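Predicted model only: the values in this text are computed from it and were never measured. Every heavy atom of this structure was used, including side-chain atoms; hydrogens, water molecules and symmetry mates were not.
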Amino acid sequence: MAGLRLGPLLRYVDWDTGGSATIWVEADRPCTAEVRCADGAGGSVLTFQIEGHHYALVPVTGLTPGATTAYEVLLDGHRVWPLPGSAFPPSVITTPAVAAPGRPAPALRVTFGSCRQAAPPADRRGPHGPDALDTLAARLAADPEAVRPDVVLLLGDQVYADHLSRETRRWLAARRDLREPPGAQVADFEEYTRLYYESWLDPEIRWLLSTVPSLQIFDDHDVVDDWNTSAAWLAEMRATPWWRERVLSGLMSYWVYQHLGNLSPAELAADAVYERVCTAPDGTDALRAFAAAADADPSSVRWSYRRDFGRSRLLMVDTRAARVLAEEGRAMLDPAEQQWLRENALAGHGGYDHLLIGSSLPWLMPPLIHDAEVWNAALCRGDRGPRWERIGEDLRRRSDLEHWAAFPASFAALSDLIEEVGTGPRAPATVCVLSGDVHHAYVAEPRIPSTARVFQLTCSPVHNSVHTVVKWGFRLGWSRVGRWLGRGFSRHGRTGRPPLSWRRTGGPWFGNQLMTLALTGRTARLQLEQAHPAGRRHKGARLVTVLDRDLTAADSAT
């Protein structure tokens, strides 16, 4: 009898017709995976096999628009979800009401964050405090009538391949000699599966992801810290005996566990790799060949994707694998990726009220850090000579100088695109860049002559921590002293001033946290919640609201 190893995860929900969805599962053997909904909707599909593991992305059709229906999962006709004796509410699929003439577009609630190390077992305290996503799940499970997000955006570092829990290190030590490279880091596909089990089998997280749709994109720790930070870094990694298996396994596991669920049924039907994997008795070779091609030529693959939610558009952008690393042509996005972003931002311009750009790395950083990254890019290009070039490469790696500012031409191109989209009578009400990575939260606004309100919304971590000295560094980065120091970097690097200026209008906030954007018509409201221990008299944790702000009000800056 087939059993459920992981999942279900509710991934895609159709906002065009409201009639379909996809649900991801992992089974312990080949089988037929089926979803049955209380309203009669459903679907089934055969599992596909990768490295001895069995997966399915079940298409669910016949859903009723504007309704909520409970569902169950069956493997070879045997019900495996909900789990027997589960204390959680039923997992459900909620579909939006279909927009019609004279009827307002449905409202959208987007909850987002990044950088989530797996929560420790229930009987052990972890080093990072309460998990914000876990705490959100517990709150929603305790109150089935509470307002839920329409989608959760996980903006990178869903798993940490290079920073493992004590339990996973013990598991690895029983499998291989940790004195051999890569040591206490994951080495292959099987070890990646362990990371996802540890993270997604958490009871609250498992239930949350079964009932709230999620969209995901990778960042560096999904593969390794500083992934693709520079051409020199990549050359050194490729010279190590363990890197090739690591990067191929990282891309393969990302494709299976995260990327597939980002796609609509139509996109899946047109995906040649998905077809080859699903029709082969064992899809491992086909997926491995795809990962090898993606590693050899990143421009041959597109991990970025677009989702339209009524009159709100999300462009989730790959800021890791799509980089051009040659110093003379260094870019965050290769030319085809940059063109994709531009075309999808401008397509139907005037037909959406809000544009969300999901980027794991922030566009607008603290000014001191921005100037330091532009200066560092100039050094690494050799603008100040070979000695400074070597110093620059060392600083780049030690200090993680690899955000949009470290790719000055890409920063300028994104800034120009945002201004173009946000200007004129057809401009949306807001353009928001949603980011994580930097282990604190803040709101920043550029000074550009746009019609739309433009924001950098950064929220990180979901479950991690930051050293006190780094906290002070970020605070300094936003200060007047920091701006003065940044000008010193600019003078030394002869880089000039940035193509635009910006100001911080919220934060910085430190802690495990989530942001939620509520988009209704042409209004946008932002909420930031932090996970705090419940106190001695109560178990668990609670979410505390530290920001609740109308982004579209004229006086919304704080």
Side-chain angles (χ1 to χ4, degrees), residues 1-14 17-65 67-95 137 140-141 144 148 152 193 196-197 199-214 255-266 268-269 274-275 277-283:
M1 182 185 300
L4 185 66
R5 293 202 66 181
L6 192 59
L9 275 72
L10 175 58
R11 296 303 311 270
Y12 174 88
V13 172
D14 179 18
T17 67
S20 64
T22 61
I23 290 180
W24 181 98
V25 297
E26 181 180 353
D28 62 4
R29 66 188 65 187
C31 62
T32 297
E34 181 182 2
V35 173
R36 293 179 185 172
C37 299
D39 65 357
S44 64
V45 69
L46 294 175
T47 57
F48 61 87
Q49 177 172 298
I50 303 293
E51 296 277 7
H53 293 258
H54 307 279
Y55 307 95
L57 193 60
V58 184
V60 180
T61 58
L63 294 164
T64 302
T68 296
T69 182
Y71 72 87
E72 58 185 14
V73 177
L74 300 90
L75 301 180
D76 282 343
H78 172 69
R79 195 180 85 161
V80 294
W81 186 269
L83 298 176
S86 173
F88 291 94
S91 297
V92 299
I93 303 173
T94 298
T95 55
L140 295 178
R148 298 182 181 184
V152 171
T193 68
Y196 285 101
Y197 295 158
S199 184
W200 290 356
L201 279 175
D202 174 294
E204 283 77 17
I205 297 299
R206 191 177 192 183
W207 173 79
L208 178 72
L209 295 179
S210 77
T211 201
V212 175
S214 60
W255 186 89
V256 171
Y257 286 86
Q258 299 191 50
H259 178 67
L260 279 184
N262 296 328
L263 305 181
S264 69
L268 288 168
Y274 185 61
E275 181 183 14
V277 167
C278 289
T279 55
D282 185 336

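- For the atom pair E51 CD and D282 CG, the distance stands at 8.0 Å (nearest 0.5 Å).
- Of all the heavy atoms in L4 and P8, the pair that sits closest is CD2-CD, 4.0 Å.
- For T69 against A38, the heavy-atom pair with the smallest separation is OG1-N, 3.2 Å.
- Side-chain contact between R148 and V92 is present, with heavy atoms from C-beta onward closer than 4.5 Å.
- W81 and S210 make their closest contact through CZ2-OG, 3.8 Å (heavy atoms, listed as atom of the first residue, atom of the second, distance).
- Exactly one residue among T64, T68, I93 makes a side chain to side chain contact (heavy atoms under 4.5 Å, CB included) with D39. That residue is T64.
- Between the side chain of T47 and the main chain of C31, a donor-acceptor pair closer than 3.5 Å is present.
- Note that CZ of F88 is 11.0 Å distant from CG of L140, once rounded to the nearest 0.5 Å.
- Looking only at distances, a side-chain donor or acceptor of T95 sits under 3.5 Å from a matching main-chain atom of A67.
- Taking all atoms of both residues into account, the shortest heavy-atom contact from S264 to Y12 is CB-CE1, 3.5 Å.
- With hydrogens and angles disregarded, no donor-acceptor distance shorter than 3.5 Å links the side chain of T61 to the backbone of S20.
- Atom CG in D28 sits 10.5 Å away from atom CE in M1 (nearest 0.5 Å).
- A donor-acceptor contact shorter than 3.5 Å links the side chain of R206 to the backbone of G7.
- In this structure, the side chain of R11 engages the main chain of Q258 through a donor-acceptor pair within 3.5 Å.
- Atom-to-atom distance recorded for D76:CG and H78:NE2 is 10.0 Å, nearest 0.5 angstrom.
- Two residues are said to be in side-chain contact when any heavy atoms from C-beta on lie closer than 4.5 Å; V45 and P59 meet this criterion.
- Going from atom OG1 of T22 over to atom CG of L260 covers 9.5 Å, rounded to the nearest 0.5 Å.
- Of all heavy-atom pairs spanning P281 and Q49, the tightest one is O-CB, 4.0 Å.
- Close placement of the W24 and Y257 rings is indicated, their centers lying within 6.0 Å of each other.
- The shortest heavy-atom contact between D14 and G19 is OD2-N, 4.0 Å.
- For the atom pair CG (L46) and OG1 (T32), the distance works out to 4.5 Å, reported to the nearest 0.5 Å.
- Donor-acceptor pairing under 3.5 Å is lacking for the side chains of R5 and T193.
- For the pair L10 and S91, the minimum side-chain heavy-atom distance is 4.5 Å or more.
- The ring-ring contact (aromatic ring centres under 6.0 Å, His included) check on Y274 picks up nothing, with sequence neighbours excluded.
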